[in-house]
Number of protein chains: 2
Amino acid sequence: MYPIKSGPDEREEVDAMSDLLERLRARGWRMTSQRRVVAEVLDGQHVHVTADEVLAAAALRLPEISRATVYNTLGELVSLGEVLEVSTDGRAKRYDPNARNPHQHLVCGGCGTVRDVHPVGDLVAGLPEAERYGFAVTGVEVTYRGLCPECAAAAG
Amino acid sequence: MYPIKSGPDEREEVDAMSDLLERLRARGWRMTSQRRVVAEVLDGQHVHVTADEVLAAAALRLPEISRATVYNTLGELVSLGEVLEVSTDGRAKRYDPNARNPHQHLVCGGCGTVRDVHPVGDLVAGLPEAERYGFAVTGVEVTYRGLCPECAAAAG
DNA sequence: TCCTACGATGGACGGAGTCCAAGTCAAGAA
DNA sequence: TTCTTGACTTGGACTCCGTCCATCGTAGGA
């Protein structure tokens, strides 16, 4: 029913998947085929996908899945902390399945590609006390901007 | 024709304004009443406004101004480097007239207030070469997240 | 003053996301 | 196994943000 390719890496992925599905079930998620497919699509991704891309990928397995369901499910995964929402360009939000591993983003101004990166040093510490205006600073999001090798080459 | 109020503070603002208008004229801007009004609206702002807020404020002075004109003018101001485009949430872009002074943003997770802040150190340098994946990194945007004193107090 | 190319207009359009009423079904209870 | 029920899904309408385009208007140079 689900055209899951098999291969040498498959076992590990399926196990990671079960972890995610188990965590979701443990938090009281009613496990529907739609939610399972959305979770699986995200879990297999190593890039940051848009809701539309999730919908397209999910529809390959479950053609009748609706846009509203995809948005609902993504929203729930975000509020459960399993997925990060990233809006790098003011256009479509992207979803980052790598939420359990703290990281920042490197975005290509040409093609929009987003890569996870890991800067060194304490980023929050870079903001002096005098610049905090009494805020309790709890986190920081960093987006590095540039051109990927392909776009840089195309730009001459 | 232009219902510009006059008052004790008016002189200073008009001078700063003339600077901006002069810069724009020097860059070959054809000075229309619409562009003048949009530039004036932005220049008077110390907060980060949406295109819609700019339109509303501009329409007070020039009721027949169109949305397309406001977007065009904002786009030009951005590409001239006079105004920064900021998208802190995935919703409407905001425009930051403080473009001539490099800065980052501190956002309150409670009320959404955005403050300009000035972190110390070279932020781009925090990204190791090995983490750049061949990208030509040209800039960095940092958003510090936290709670402002009021929201922190309200949260207990 | 006249010309003309640049800019403004406003309405249509498109993408992203939300909302809602009606139908469906997962999973616990009996 | 078969209810039962309320959480979930559907799809279409809707909103919001922004862009496009044909047409009209006008700033500013000749």
Side-chain angles (χ1 to χ4, degrees), chain A residues 1 21-22 24-42 48-59 61-80 83-96 112 114, chain B residues 1-2 21-22 24-42 48-59 61-80 83-96 112:
Chain A
M1 202 54 73
L21 294 181
E22 273 319 306
L24 295 174
R25 206 189 294 271
R27 299 198 212 187
W29 247 38
R30 181 186 275 192
M31 192 51 60
T32 68
S33 54
Q34 292 85 350
R35 287 175 162 187
R36 192 192 328 270
V37 166
V38 168
E40 284 173 4
V41 164
L42 277 171
H48 302 67
V49 288
T50 62
D52 237 46
E53 290 165 348
V54 173
L55 173 57
R61 295 186 180 186
L62 212 55
E64 67 280 14
I65 195 171
S66 87
R67 207 149 46 99
T69 298
V70 170
Y71 276 105
N72 286 342
T73 307
L74 287 173
E76 284 153 12
L77 285 168
V78 168
S79 66
L80 288 175
V83 164
L84 281 179
E85 211 175 61
V86 185
S87 51
T88 55
D89 59 355
R91 315 198 58 181
K93 290 178 194 162
R94 290 176 176 273
Y95 294 87
D96 179 353
V114 181
Chain B
M1 201 57 71
Y2 302 132
L21 294 181
E22 274 319 308
L24 294 174
R25 206 189 292 272
R27 298 200 212 185
W29 247 37
R30 183 186 273 190
M31 192 50 61
T32 68
S33 55
Q34 292 85 350
R35 287 176 163 189
R36 194 193 326 273
V37 166
V38 168
E40 285 173 4
V41 164
L42 277 172
H48 303 67
V49 288
T50 63
D52 236 47
E53 289 165 349
V54 173
L55 173 58
R61 294 187 178 185
L62 211 57
E64 68 280 13
I65 195 170
S66 87
R67 206 153 45 103
T69 298
V70 170
Y71 276 105
N72 286 341
T73 306
L74 288 173
E76 285 153 12
L77 286 168
V78 168
S79 64
L80 287 174
V83 164
L84 280 181
E85 215 175 59
V86 185
S87 49
T88 56
D89 52 4
R91 319 203 49 184
K93 289 178 194 162
R94 291 177 175 272
Y95 294 88
D96 177 353

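In this text the structure is predicted, and so the values were computed from the model without any measurement. Per chain, numbering begins at 1; letters A, B, ... match sequence-line order.
- A straight line from CG of A/D52 to P of C/dT18 spans 13 Å, rounded to a whole angstrom.
- A sub-4.0 Å separation between OP1 or OP2 of D/dT10 and a side-chain N or O of A/T69 is present.
- In this structure, A/D96 CG and A/H48 NE2 are separated by 3.0 Å, a value rounded to the nearest 0.5 Å.
- Rounded to whole Å, atom P of D/dT26 lies 10 Å from atom CD of B/E64.
- Summarising the geometry of B/T50 relative to B/A92, their closest heavy-atom pair is CG2-CB, 4.1 Å, with the distance given to 0.1 Å.
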Please list, pair by pair, any protein nitrogen or oxygen found under 3.5 Å from a nitrogen or oxygen in nucleotides 13-16 of chain D.
none

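- Between the CG atom of A/L74 and the P atom of C/dT18 there is a distance of 10 Å, rounded to whole Å.
- The two residues B/A51 and B/V70 make their nearest non-hydrogen contact at O-CG1, 3.9 Å.
- For B/Y71 and D/dT19, the shortest distance from a side-chain N or O to OP1 or OP2 is not below 4.0 Å.
- A/L55 places its CG atom 14 Å from the C1' atom of C/dG15, with the value rounded to the nearest Å.
- For the pair B/T32 and C/dA8, the criterion of a side-chain N or O lying under 4.0 Å from OP1 or OP2 is met.
- Heavy-atom minimum distance, A/L24 versus A/A39: CD1-CB, 4.4 Å.
- Along DNA chain D, the nucleotide nearest B/R94 and the nucleotide nearest B/N72 are compared for position; the residue whose nucleotide lies closer to the 5' end is B/R94.
- Atoms CD1 (A/I65) and P (C/dC25) sit 14 Å apart, rounded to a whole Å.
- Close to D/dT10, at under 4.0 Å from its OP1 or OP2, lies a side-chain N or O of A/Q34.
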(request) Start with the C-alpha gap between B/I65 and B/V38, add the side-chain angles, then the distance that decides, and say whether side chain to side chain contact (heavy atoms under 4.5 Å, CB included) holds. (result) CA-CA 10 Å; B/I65 195 170; B/V38 168; 4.1 Å; yes
Name the pairs: protein N/O against N/O of nucleotides 1-7 of chain D, kept only if under 3.5 Å.
residue: D/dG6; atom: N2; partner: A/R30; partner atom: NH1; Å: 2.9
residue: D/dG6; atom: N2; partner: A/R30; partner atom: NH2; Å: 3.2
residue: D/dA7; atom: N3; partner: A/R30; partner atom: NH1; Å: 3.2

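- In terms of position along DNA chain D, the nucleotide closest to A/T73 lies nearer the 5' end than the nucleotide closest to the other residue of the pair B/W29 and A/T73.
- Between A/R25 atom CZ and C/dA26 atom P there is a gap of 12 Å when expressed in whole angstrom units.
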